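Note that these values count all heavy atoms, side chains included, but never hydrogens, waters or copies made by symmetry. Since the structure is predicted, the reported quantities are computational estimates derived from the model, not experimental observations.
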Amino acid sequence: MSDSKVMKKCSGRPCLIKANKARSQRRLGTTLVEVLVVIVVFLVGILAVIQIFPKGFQLLLLTRNKSVASQLARDQMEQLAARPEQLPEAIVSAHYSNGNLIIDASKDPSDLGPVGSSLAADGSVSDSGGNVLGNWQLNSGSNNFRRIIGEGRRVPAPSAVGAPGGGNTYLGGLMVLQFGPINYVPASSSAVSNLSVYGNDLEQSFGNPQTQDLRSDYQYFVGSPNNSAIFLRLPSGPNPRSFRVSFSAYITNGPSSIVKRDYTELALVIVPAQVLDSSGQYPLVSVAIVGAGNLVTDPVQSVDLNTLRVQRSYEMIAKSATFDLNEPYQYKLLNENLGILLFNPIAHEVYVSRNGHDREPLQAKVNYDVYDWRVLRDDFRIDTGIVPGVSGDTSSPQLMSSEHKLAVSSLKVTTNAGPDGLPNPPITPLEVARVDGTTDTAGANDPLATDFVLVDLATGGVYYEYNPLFPTQKLIRVDKSTGVVSIEDKDGTNSNGITGVLLLPDGSVTDVQMDNRAVRALYMARQEYSVQVLKAASQYTVAPTAANLSSGQFYMGGTVSGIGQPWRIYFPQSDNGRKVTIGEVGYRSTADNFRHSLVGQDFIIKNRPDPTLSLPSIDLTDVDSAATSIDFNNGIGARNIKGASVAVKVLWNPDSFTLTNDPLVNMSHLEQWGRGWRKTTNETYLQRGENIR
């Protein structure tokens, strides 16, 4: 009805109100098109806001992961700084093929790809010859560099190791290897053990001394040093001795090819017991090193004497055996999988004397393989136990407990799938029953709390995660979503603190008070977190050529005409990114005709464009832009080059992939997954705390 018609039918204020009401109702209506336009506008706005959230969440997650990685790196660096005297001499790339240890100095630390060429559906990787190398996770990523060379220190002071009433109480110097658990392979009839324990380097001399000449017990002599028939004259004693010998040599490889080969883990040289000679000394015993039927049977042309090292080896005796108090070179391997050694108590008081040198304490050095860098280590002291709940509330008594927050909140759960879709395995050497005769700690593990082990650093024992007398009573609880470890009292008696149950290395079980005890938590985290330690060689030796540089060697550019820039010093690819200190290097400069020297200068080894060598190097022009060449006029060139720092690299990868029945497709999937590695690296100036030969 129109407004005019409304006005004709009535007059006055009531009719006007009615007309206005009808008009206003018609004007406030909304059409369908208007509603649709408003919805579209809202949707566009909401979608724009929603798109911000995933990126924001990703950024928050990345920031959190970086924070966790930085904390892990700091924790590991603090542990290393607390024990500088036990730093290893080097950490190198190594793997096994047909049981043979292969050290690969050509492997770059930044290369996280797998060792091998095919990947089976069960996760095992094989080389091009079909030799199975093991699980891909132990042959890729941080585990490419897991061979520890020369970790050690002065033999620790003796103490009683064990708990009173807990079976055998051992007396000796306890050493807990820093990077356990370890991958222990005992010696066999055809191969030496991958764990070797040895002492200080013997002093090298040449020739054959006269019988009446006074000799040091830490001195050996090299015979025929200029040909391939090299033999050593080693010191003997009233008991049999064994010596560790390592060196690099040039061998014939085919009709006209000569290659360099490193001999690092040879069979031990055994020197039989001797009697005193006419001069009142134990005689030197000659041992042939190269040649048919000797230590090395390869066709050796010459031995690089700069790399020749001889150390006396320690003898491993049974755990139940008694130390010989006249023979300091003895040790017991209390736990082969954790890497816990006990040395003869008299060894701590033994000193090494050399002609013209100060006495130095007897060292214990160990070569071994880290089992898996993904097993994280957290050293701490257990806090004094507290009683949770309301004070004085006796109606609901509660056990004393102590809590510790691990650096990583999200721990692995065995029932979940790993990055390759296969179930997460436990920490195999420690949580799976042993059938190889090594120390079995699986009994202390709660099947519902795998991927976590608590080690007692004072005894080398492992704590039970449950009460062995009442398996339903949990003594150690791990919240795998928050990373909180709760340690609870066993006996319910508050006056004696927190009582725990300890599985000792001899297999006995005992109760101990856990308050303020030093422990090490071993655990694995999701996203494949690993904490890897990288270290350049403590001491480098010069190589005459750049071909096949070994770990711990350097080549000075121009030593061989046309090979290498004459102002550079080259290192094996495995040292890329490491920092070294040069004791002294002489060089020539375009500024004048004088010889210049750099003393105590730090350099970073890195890959640079080079027309003749694809090796990382240090460049003198980084310090003096006018440097033209290393000066060899004094016969030295460069000397006393040492590794100057230790790096801790934390890796993680949140991605996943799927294994198939095609080994080559699996390798492709693994390589694609490997592109998702994230990393953070902390590096600091850190060297061994003692002057160790």
Side-chain angles (χ1 to χ4, degrees), residues 89-90 92 103 105-106 149-150 198 200-207 218-234 243-251 258-266 269 287 289-290 295-296 298 300-311 354 357 365 367 536-560 563-564 568-575 578 580-586 605 613 615 617-618 630-643 691-693:
E89 294 182 6
V92 300
I103 295 178
S106 65
I149 304 296
Y198 52 95
N200 310 52
D201 281 34
L202 273 63
E203 186 174 25
Q204 184 183 107
S205 300
F206 295 100
Y218 291 89
Q219 186 178 26
Y220 73 98
F221 295 81
V222 181
S224 302
N226 296 318
N227 58 45
S228 58
I230 289 178
F231 59 91
L232 304 180
R233 295 182 177 92
L234 301 173
F243 293 87
R244 177 181 180 271
V245 178
S246 60
F247 58 89
S248 298
Y250 295 91
I251 69 169
I258 294 180
V259 298
K260 189 176 184 182
R261 181 166 294 174
D262 302 322
Y263 298 93
T264 58
E265 301 294 343
L266 294 168
V269 177
V287 177
I289 299 299
V290 299
L295 193 64
V296 174
D298 294 327
V300 174
Q301 298 300 308
S302 63
V303 173
D304 184 352
L305 295 178
N306 287 322
T307 64
L308 179 60
R309 298 180 66 183
V310 178
Q311 301 107 352
R354 294 187 179 89
H357 296 281
K365 305 177 187 178
N367 291 3
S538 296
Q539 186 74 49
Y540 286 85
T541 58
V542 63
T545 72
N548 301 316
L549 282 182
S550 308
S551 297
Q553 287 191 312
F554 66 91
Y555 167 76
M556 291 179 282
T559 302
V560 177
I563 305 299
R568 289 180 178 174
I569 299 176
Y570 297 84
F571 295 82
Q573 199 69 47
S574 59
D575 284 334
R578 305 283 67 79
V580 294
T581 298
I582 294 185
E584 180 183 0
V585 59
I605 303 170
L613 283 177
L615 290 173
S617 64
I618 61 175
I630 297 173
D631 182 49
F632 294 94
N633 287 338
N634 62 354
I636 297 176
R639 63 179 178 181
N640 200 21
I641 298 181
K642 299 180 178 181
N691 183 20
I692 300 173
R693 289 179 177 269

Check: Nearest 0.5 Å, what's the CD-CZ distance between Glu89 and Arg309?
Finding: 4.5 Å
Next item on the list: Might you work through the side chain to side chain contact (heavy atoms under 4.5 Å, CB included) test for Thr545 and Tyr250, ending with a clear yes or no?
Entry: CA-CA 11 Å; Thr545 72; Tyr250 295 91; 4.1 Å; yes
Next item on the list: Scan Leu308, Ile251, Val245 and name whichever one has a side-chain contact (heavy atoms from CB on, under 4.5 Å) with Tyr263.
Entry: Ile251
Next item on the list: To the nearest 0.5 angstrom, please state how far the CG atom of Asn306 sits from the OG atom of Ser550.
Entry: 11.5 Å
Next item on the list: Return the minimal non-hydrogen interatomic distance between Val585 and Ala638, and the atom names on each side.
Entry: CG2-CB, 3.8 Å
Next item on the list: To the nearest 0.5 Å, tell me how far Ile618 CD1 sits from Ile605 CD1.
Entry: 7.0 Å
Check: What distance do Phe554 atom CZ and Ile641 atom CD1 have between them, rounded to the nearest 0.5 Å?
Finding: 4.0 Å
Notebook entry, point to check: Judged by atom type as modelled, is there a donor-acceptor pair below 3.5 Å linking the side chain of Tyr198 to the main-chain atoms of Asn367?
Noted result: no
Checklist line | Closest non-hydrogen atom pair between Ser551 and Val92, with its separation | finding: OG-CG1, 3.6 Å
Check: Is there side-chain contact between Thr559 and Val542, with at least one heavy-atom pair below 4.5 Å?
Finding: no
Check: Do Val303 and Ile289 come close enough that some side-chain heavy atom pair is under 4.5 Å?
Finding: no
Check: Got a second to check how far Arg244's CZ is from Leu266's CG, nearest 0.5 Å?
Finding: 9.0 Å
Checklist line | Centroid-centroid distance, Phe243 to Tyr220, less than 6.0 Å | finding: no
Check: Taking all atoms of both residues into account, what is the closest heavy-atom pair of Gly637 and Ile630, and its distance?
Finding: CA-CG2, 3.7 Å
Check: Heavy atoms, side chains only, cut-off 4.5 Å: are Gln553 and Asp304 in contact?
Finding: yes
Notebook entry, point to check: In Å, rounded to the nearest 0.5 Å, how long is the span from CG of Leu202 to CD of Gln311?
Noted result: 8.0 Å
Next item on the list: For the residue pair Val310 and Asp201, establish whether any side-chain heavy-atom pair is separated by less than 4.5 Å.
Entry: no
Checklist line | Backbone of Thr307 reached by a side-chain donor or acceptor of Ser248 within 3.5 Å | finding: no
Note to self: Among Asn640, Asp575, Ile569, exactly one meets side-chain contact (heavy atoms from CB on, under 4.5 Å) together with Tyr540. Which residue is that?
What the structure shows: Asp575
Next item on the list: For residues Arg578 and Phe571, determine if any side-chain heavy atom of one lies less than 4.5 Å from a side-chain heavy atom of the other.
Entry: no
Item checked: Donor-acceptor under 3.5 Å (Arg233 side chain, Gly207 main chain) -> yes
